[in-house]
Structure formats: C-alpha cells, structure tokens
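Data block below; observations after.
A, B, ... follow the sequence lines: proteins, then strands. Residue 1 opens every chain. Since we're looking at a predicted model, the values are computed, not measured. Excluded from the calculations below are hydrogen atoms, water molecules and symmetry mates; all remaining heavy atoms, backbone and side chain alike, are included.
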Amino acid sequence: MMDQNANIASYCTSVELHGAGKIAYYWLHQPSERQEVSFADLDADTNRFANALSQLGFTAGDVFFTFLPKLPEQFIAFLGSLKLQLITGTLFANFGEEALLDRLGDSRAKGVITKKSFVKKLSRIRPSLPALEYIIVVDCDDHIADDILSYDRLMQQSTSDFIVPYTPPDTPSVLHYTSGSTGKPKGVLHCHRSLASQQATAVEVLGLRAGDIYWCTADQGWVTGTSYGIIAPWSLGITQIHYGGGFDAAVWFSILEREMVSVWYTAPTALRMLMREDPELFRRFDLSRLRHICSVGEPLNPEVIRWGREVLGKDIFDTWFQTETGAIMIANRPGIEIRPGSMGKPVTGIEAEILDDAGNFLPPGEQGHLCVKAGWASMFTTYLNNAESYRSKFRSDWYYSGDTALMDDEGYFWFKGRSDDVINTAGHLVSPFEVESALLEIPEVAESGVIAAPDELLFEKVVAFVHLKTGVQCSAELELKIRLYVSNKVSTIATPQEIIITDSIPKNKSGKIMRRVLKARYLGSDAGDTSTLEI
Amino acid sequence: MTTQEQLNSIFCMVFDDADISIRPDMTANDVDGWDSLSHVNLIIAVEGRFGIRFSQKELLTFKNVGDLLNCIDKKLSER
C-alpha cells in the first residue's frame, strides 16, 4: 500500500481508490441542513488549498494549524496542508490565548486557518509569535490585510490540479499538543506511516467496511478527531457524517436514524449524558442500521455498557489509545467477549504489558505502568523541541503511557489511573500546571493548586484550591472572574468546576505544589507521607 | 439599558468577544465557544448580574437566547 507514496492525504482523497462520485461525507450544519461532498469534491478542494498555501510560500516541514470549530474548511485545510507535506496541527476552538500562544509559539507555526470571531484572540498574541506569517479566515469575502487572508479568495485564485510530492513514510505529518502535569504542553509529532495503524484498527476495532455510514463525534482538535474522524475512514473510502452542532440527545438520535449510521464512535461523557435521558426518547428512533458502537476518551463504566444493552439493544465497545500512540492500541471488539469496565485486549500487532518502575514485567492482577512495545506504525516520532521528554517515555524499548493498569489472567487490561497529575476531564487531558499558571495571573490570587476529583459525568473534574492575597475577600464576582479567566486564557475544558478558597497551598521544601495532599484533603483520605511538607 | 442589552454585555464578557450581538433565535450553535462548560459560566454570570436564580427545571427549558431572555424578564417582573 505505502511503497510508492505514503502521503496520508493522497489516500484520503483518492478518486482512483474510492470513486469520484462516492460521498466522502454528509455535512450537517444544522440537523436538517444536509450537504453532500464527494471524494472528487474533497480531492479538488484539498488540491486548491495545497496550491494556495504553496503560492503563499509554504514548503514541506512548515507548521500549519487549524483553529476552527467543526467545519468543512477544517477538513480541507487539514488534508490540503498534508498534501503539501506541511506539519499539520489542530487546535480546539475553545482554546484561550495562553493555550494558543503555547502551541503556536512552541511549534513556530507559519500559518493558521480560523474564523473571523477568533482573529482578535490571535491578534492579541501575535506580537509574541514572530514566525506566524499568515492567518487565513474562512468567513470573510475579501482579504483583511496582507497577512490576514480570505479563504474564499485564496480558493478562487487556486487551481484544483495538484500533484502530491513523493512522501516517504517517515515524513512528519500530524501535530497534536498534549498536556503534562508539569511544564508547557508538548507537541506530539507523527509521520505519514501512521496511516497503517489507523487503517488497520479502523477495520479491526471499528469494524468499518464498504457501504458503511460512519459518525465519529470527536472534535478535530483531539487525536480521535483526526485519526478516526478524518484519516482512517476516508483513507478506506468510508462515507462519514459530520455534524456542526453540539450535544443534544434527540438531535443526535435523529441523525443516527435519518442518516442510517452503521458505525458510531463517541465518548463516555456523551454516553453518560444520554443515560440521563428518559429511555422512552430512544424508543422513538429506529436504530436498526446501527451495527457497532465504540467509545474512547476515558474508561467506560460498566453501567454505560449495561445501559447500551438494555436501552439501545447494542453492545458498546471501549477502546484505548493516546495522542502519542496515534491509533487504538487496546480495545474491546467483535469476536472478543466484553468484560464491562475493561479496556479490552491489545489489537493485532501490539504488545502491551504491565511493568514496574524498573522495567520488570508484573504478573497478572498486579497494578503497574501500562506500557506498549515500541515500533508500531503510528508511534509518535518526538515531542517537538523536547527530545529529552520523548526519551523519558521509553525504557528498554517499552513506551510508558503514563496510565496505570493491571492485566487479568485472560489478558484483559483494566485502567486504574494516571501515574502523574494530569486531569482527564470528558476525555480531554488538562494540565494542572497550565490552570495554576493562569490562576496566578489573576491579581487577587496569591497561589493555587489544581487537582483532579472524581466526577460521575466527566470522569474527572478540575478542582482549584485558591489562596487569595491578604485583604481580598471571596465573593461570587471573584469566583466568576476566576472561572472566566481560566476559560478565556486556557480553555473552557480547563475551567475549575469547584473553586475552594484556602489559607495556604501545601508545598514541599523545594516549593513544589503537593497536589496529592490537596487531593487527600478534598477526598477526606490519608495524605500519606507528608515529611517533606513545607507548609 | 434593556434586558437584552445587559444580556448582550454578559455574552461579550463570557465569550471574550466584544462583537457578539445576540438575537432571540440564537442558539449555542451560533456562538463560537458556547459549549456546556461555558454555558455554566454564562448562567452564573446572568444570575450574578441580575440577582436571580434559575431552577434546574428552568435551565432545561432554555433552547435559545429568547427563552433565556423571557425567563430573566419574568423573574425581574416578579420581584
């Protein structure tokens, strides 16, 4: 498959492979507004965009980002940029200035495509982004400035003929930033050979096959949204549904029914929100075409699986992967008995083990680090500008995922938690460091500590302990100010769901915030060894 | 200042966009960044600014900006 040209976008838009008239996706801007886009359209538009970027001076290895909500222009820009061999990243539309600055600055991004309403946000940080040459705006008819350009104008001026340059498999491709418990977010870089893992798992785990109508609800800012919302299905010639609206149980089920979706890939938080609805709602819809439901993002609790069986009459298959793995590594899937609450078993070609800190294999039933044997096709190739962190993720050819788990006697893996302080809220990883840094910028805040706390809906929620400066009184206005500041500087996902005013933040003798002490305080549990506690 | 004008200023603050101009038929799909989490920020801001409280039942009935406006006006008139 990949001996000639490994370019991901070539496979995704190939008229020869998929047929010019075949529908690549139905775009539902509103539930009732349906636009058909063929593979020929997708190929032509992505060619135009590649030509437009080329004419602006973009060349292989330059970094380009999409900063858009779910829109057709996002798919076109993403694939067009990959055709030109740019390193292509996606940014969540709800990112605030700090989050944008961290990502665009670290990657030295040369261009970004966005909406008019987001240009102001970008303009405020632009003086700190000397490498950013162009902002392309999807919803303006004409160029705004020499370096703030109209997408429509650029597309009108570009041809639909583009020859994708020869792309060796190790050519850098997709860039996603991921959060750690310390430091700034890290740029996880993949290369074009990742397609092999993404295609294989889309067949083996998602069960995609010719004739399917597939709906992946993930935002394209997330690795699931690129690996399984763009790359894998289109490279296999699968027709997708893309819906531009937010969560609404009745709307979602009307889409599943009306569009005759056969494979649905969604997230536990969405499923748990559906569980709160009256079961009668679901009985109104004919889901007979829906063959397969998969979930990703956080552990799928057994109650959701039971609900799926009782209310929908379907199994829901949990899958596990990370930004760094690029494709599904461990999964429940047809042909393997579902153990509710389990992550499932490694997919074909993947070796997973539970190891201790020293790299020793742990026996079944014992909790340790969830590790994957290095060398799979979609393995990340580096953390951009941070080779040391990349190296630290590997020991003796094993990738340490940062998740802790155990394996049972029959080879099923069971998620236990994180080995660091990263917060998994609704499937999004949030860095406590990023939130703490934003909180410190608020004049009234002296110091803060941010932790994950269990949450029935979100899996984990962001809880902020805040120590106010002397003389500052807590008030509803201040609490709102704190929430909005984090929302608008970092992202809405990072917004603290609880703000706890405290007299001090526990730190060790070197000044490190002791989040486990805060967590124990929150949960009312034993904080363990506090001998190094300074305050 | 009308209720709609006051609400508009809250939208601008919550969604960090001074150009937002709300209409009664607007929904979350029409405002960039209006997701379930920023909706919580919006409700907290509205309650604080107008000095009102919404019940869970009321929150579930809001399908667009018009519903929110009507509920605010109703609560203000009952004070």
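Residues A:Tyr25 and A:Phe75 bring their aromatic ring centres within 6.0 Å. No close placement of the A:Tyr26 and A:Tyr243 rings is indicated, their centers lying 6.0 Å or farther apart.
For A:Thr495, the part lying near chain B is the side chain, with the backbone staying farther off; criterion is any non-hydrogen pair under 4.5 Å. Neither the backbone nor the side chain of B:Ala28 comes within less than 4.5 Å of any heavy atom in chain A. In this structure, chain B has no heavy atom under 4.5 Å from any part of A:Glu477. The contact between A:Gln497 and chain B is made entirely by side chain atoms (from C-beta outward), counting heavy-atom distances below 4.5 Å. Within the 4.5 angstrom heavy-atom criterion, no atom of A:Phe95 approaches chain B. Only the side chain of B:Asp35 comes within contact range of chain A, with heavy atoms under 4.5 Å apart.
Residues A:Ser487 and B:Asn41 bring a donor and an acceptor atom of their side chains to less than 3.5 Å of each other.
The backbone N or O of A:Ala453 lies less than 3.5 Å from no partner atom in the side chain of A:Glu460, so there is not a single donor-acceptor pair.
In this structure, the side chains of A:Pro69 and A:Phe118 come closer than 4.5 Å at one or more pairs of heavy atoms. Taking 4.5 Å as the limit, every side-chain heavy atom of A:Lys489 sits out of range of all side-chain heavy atoms of A:Val486.
Between chain B and the residues A:Asn488, A:Asp248, A:Leu458, A:Asn94, the most heavy-atom pairs under 4.5 angstrom are made by A:Asn488.
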